[in-house]
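In listed order, ligands and their atoms are each counted from 1.
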Amino acid sequence: MTQPQTVDVPLEDRSYKIHIGSGLIEQLGTLCAPFIADRHVVIISDEKVASHYLPKVESALESVTSRGNSLVVDEGETSKSLDTCYQLWQEMIELPADRKSVVVALGGGVIGDLAGFVAAGFARGIDFIQIPTSLLAQVDSSVGGKTGVNLPQAKNMVGAFWQPKTVVIDIDVLETLDDRNFRAGLAEVIKYGLIMDDALFTRIESSMEAILNREPAIITELIQRCCQCKADVVTEDETETSGRRAILNYGHTIGHAIEAVYGYGEYLHGEAISIGMVAEAEMAKALGMVDDVFCDRQKAIFESAGLPTTCPAGKEEALIEAMTRDKKVASGKLNFILPTKIGDVESVATPGGEAIAAALKACS
Ligand SMILES: NC(=O)c1ccc[n+]([C@@H]2O[C@H](COP(=O)([O-])OP(=O)(O)OC[C@H]3O[C@@H](n4cnc5c(N)ncnc54)[C@H](O)[C@@H]3O)[C@@H](O)[C@H]2O)c1
Ligand SMILES: O=C(O)C(=O)C[C@@H](O)[C@H](O)[C@H](O)COP(=O)(O)O
Ligand SMILES: [Zn+2]
């Protein structure tokens with residue numbers, strides 16, 4: 001077994017390590033011992049992930065604590081709701097969990113965001129650990145401490161910044177992830193190339209076959225590079241105050257609107273932001289920030305990853321309405337993160353109607 005790689009997230013008293021490698025679920029006891037030894041553990045997972053990995057995780061953690069419970073919710077985006085939080089808080093108080101209990105999020109981004117928020121709210125905040133199992137969660141959502149749930153009107157509208165104590169990424173679990181969800185995770189990987197790492201973008205372009213074949217070396221490399229990119233951004237602007245962290249939102253203004261307008265079921269997050277990035281690049285083109293060459297190259301990489309780049313016409317008004325509820329709206333002005341070249345983006349305050357129309361036309 002090769003040594004796990006680590007990425008540090010230096011955030012003063014909220015600092016933590018991300019461990020990346022093969023066979024790490026078996027090593028969970030050792031990796032998590034500093035945070036869970038002899039403490040009560042509440043593993044939160046979804047039914048699909050639990051069916052594959054819960055017994056293994058429970059048994060690995062039993063080596064460091066004898067007190068633990070597992071709570072399993074339905075799989076899918078609709079579990080990222082206040083109703084599910086309430087249900088989990090009720091179950092935790094009955095266990096009973098207390099302020100020294102530790103939540104372990106075992107699953108994709110839905111479970112990480114949900115369980116993180118459950119931990120942030122329970123007894124005014126208890127420790128939590130991320131064990132991300134989808135590609136999307138391994139490259140993005142498990143890092144950085146954004147936790148929360150959706151409202152029907154707006155994605156991720158209720159939440160908290162709550163950093164995990166550690167993140168353990170076992171690449172072996174990707175074996176059981178279905179193809180559609182694997183490709184959805186690639187949308188966030190491509191995003192990191194587009195917003196801040198042109199070499200990563202070129203690497204993805206030239207390695208798509210190996211990536212889609214899930215060759216461990218390239219997958220480990222992508223996870224490591226994305227986690228490092230995210231750690232760098234989060235370290236600079238943990239709570240999205242200076243604006244630096246907002247670059248991670250490229251494609252998300254339209255992407256989140258698509259997810260909400262279609263009822264959080266039709267499009268996976270990665271699919272919605274793939275369409276969102278294509279549309280927002282058209283907006284940047286309408287503003288003279290990028291040219292056709294950029295837009296074509298970006299669209300081609302999403303197509304080669306098997307990701308959607310359009311959604312049906314007819315929902316433009318609902319999409320605009322949903323965008324007005326984006327968390328990047330400040331003092332009534334909606335900010336978009338738009339590309340200037342591969343590897344760089346800028347924040348643009350309320351582009352004109354023509355640019356927004358160009359973006360929505362590109363969606364359909
Ligand atoms: N907090 C953040 O910074 C951040 C960043 C990006 C995305 N997100 C959020 O993440 C969510 C999307 O995450 P996701 O795409 O992981 O969705 P998800 O958690 O629903 O997982 C996708 C599907 O894959 C299954 N699955 C997960 N791991 C598996 C495995 N190893 N084997 C078999 N099946 C597995 C799940 O059961 C689910 O059906 C969205 O809600 C999005 O808003 C948050
Ligand atoms: O971590 C961040 O910051 C991001 O923006 C990462 C995004 O990929 C992610 O989808 C995030 O949940 C979106 O955040 P939001 O603040 O727009 O809800
Ligand atoms: Zn995202």
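At the shortest separation from atom 6 (C) of ligand 1 among protein heavy atoms lies Glu188 OE2, 3.4 Å. Scanning the protein heavy atoms around atom 35 (C) of ligand 1, the nearest turns out to be Leu177 CD1, 3.6 Å. Protein heavy atom nearest atom 25 (C) of ligand 1, with residue, atom name and distance: Lys48 CD, 4.1 Å. Scanning the protein for heavy atoms near atom 4 (C) of ligand 1, the closest one is Ser141 CB, 3.1 Å. Of the protein's non-hydrogen atoms, the one nearest atom 30 (C) of ligand 1 is Thr176 OG1, 3.6 Å. Nearest to atom 37 (O) of ligand 1 among the protein's heavy atoms is Asp46 OD2, 2.8 Å. Protein heavy atom at the shortest distance from atom 14 (P) of ligand 1 is Gly109 N, 3.5 Å.
A side-chain donor from one of Gln228 and Asp232 sits under 3.5 Å from a side-chain acceptor of the other.
Within the structure, the closest approach of Lys191 to ligand 1 does not fall below 4.0 Å when heavy atoms are considered. Distances from ligand 1 to the non-hydrogen atoms of Asp140 include at least one value under 4.0 Å. Residue contacts with ligand 1: Lys155 is included, with a non-hydrogen atom under 4.0 Å away.
At distances below 3.5 Å, at least one donor-acceptor pair connects side-chain atoms of Tyr53 with backbone N or O atoms of Val173. No side-chain donor-acceptor contact under 3.5 Å links Arg244 to the backbone of Asp237.
Atoms CZ and CZ, from Phe128 and Phe122 in turn, are 15.5 Å apart once rounded to the nearest 0.5 Å. A distance of 5.0 Å separates CG of Leu61 from CD1 of Ile43, quoted to the nearest 0.5 Å. With values rounded to the nearest 0.5 angstrom, Leu82 atom CG is found 9.5 Å from Asn150 atom CG. To the nearest 0.5 angstrom, Ile223 atom CD1 is 6.0 Å from Ile169 atom CD1. With rounding to the nearest 0.5 Å, the separation of OG1 in Thr65 from CZ in Arg39 is 9.5 Å. Taken from CD in Glu238 to CD in Glu12, the straight-line distance is 8.5 Å, to the nearest 0.5 Å.
Across Arg245, Glu77, His269, Gln130, heavy-atom proximity to atom 41 (O) of ligand 1 is greatest for Glu77. When Asp74, Leu106, Leu136 are ranked by how near their heavy atoms come to atom 7 (C) of ligand 1, first place goes to Leu136. When the options Glu75, Lys146, His252 are ranked by their closest heavy atom to atom 38 (C) of ligand 1, first place goes to Glu75. Among Glu259, Lys230, Glu175, the residue whose heavy atom lies closest to atom 3 (O) of ligand 1 is Lys230.
The 4.0 Å heavy-atom shell around ligand 2 contains residues Asp140, Lys146, Asn156, Glu188, Lys191, Lys230, Glu240, Arg245, Leu248, Asn249, His252, His256, His269, Lys327, ordered by chain and number.
Remark: of the listed residues Lys146, Lys327, Lys328, Lys146 is the sole one forming a salt bridge (Lys or Arg N to Asp or Glu O under 4.0 Å) with Glu240.
Listed by atom number, the atoms of ligand 1 under 4.0 Å from Lys80 heavy atoms are 9 (C), 40 (C), 41 (O), 42 (C), 43 (O). In summary, the atoms of ligand 1 found under 4.0 Å from a heavy atom of Asp113, numbered by their order in the structure, are 1 (N), 2 (C), 8 (N), 9 (C), 44 (C).
Geometrically, Arg214 engages Phe182 in a cation-pi contact defined by less than 6.0 Å to the ring centre and at most 45° from the axis.
At a heavy-atom cutoff of 4.0 Å, ligand 1 is contacted by both the backbone and the side chain of Thr133.
Between Arg203 and Glu221, at least one side-chain nitrogen of the basic residue sits less than 4.0 Å from a carboxylate oxygen of the acidic one, meeting the salt-bridge criterion.
Between Tyr262 and Tyr267, the two ring planes are perpendicular [angle over 60°; tilted spans 30° to 60°].
When side chains are defined from C-beta on, Trp162 does not count as touching Val103, because their heavy atoms never get closer than 4.5 Å. Counting heavy atoms from C-beta outward, His252 and Asp326 have side chains that stay 4.5 Å or more apart.
Protein N/O/S atoms closer than 2.8 Å to the Zn ion (ligand 3), listed by chain and residue number, are Glu188 OE2, His252 NE2, His269 NE2.
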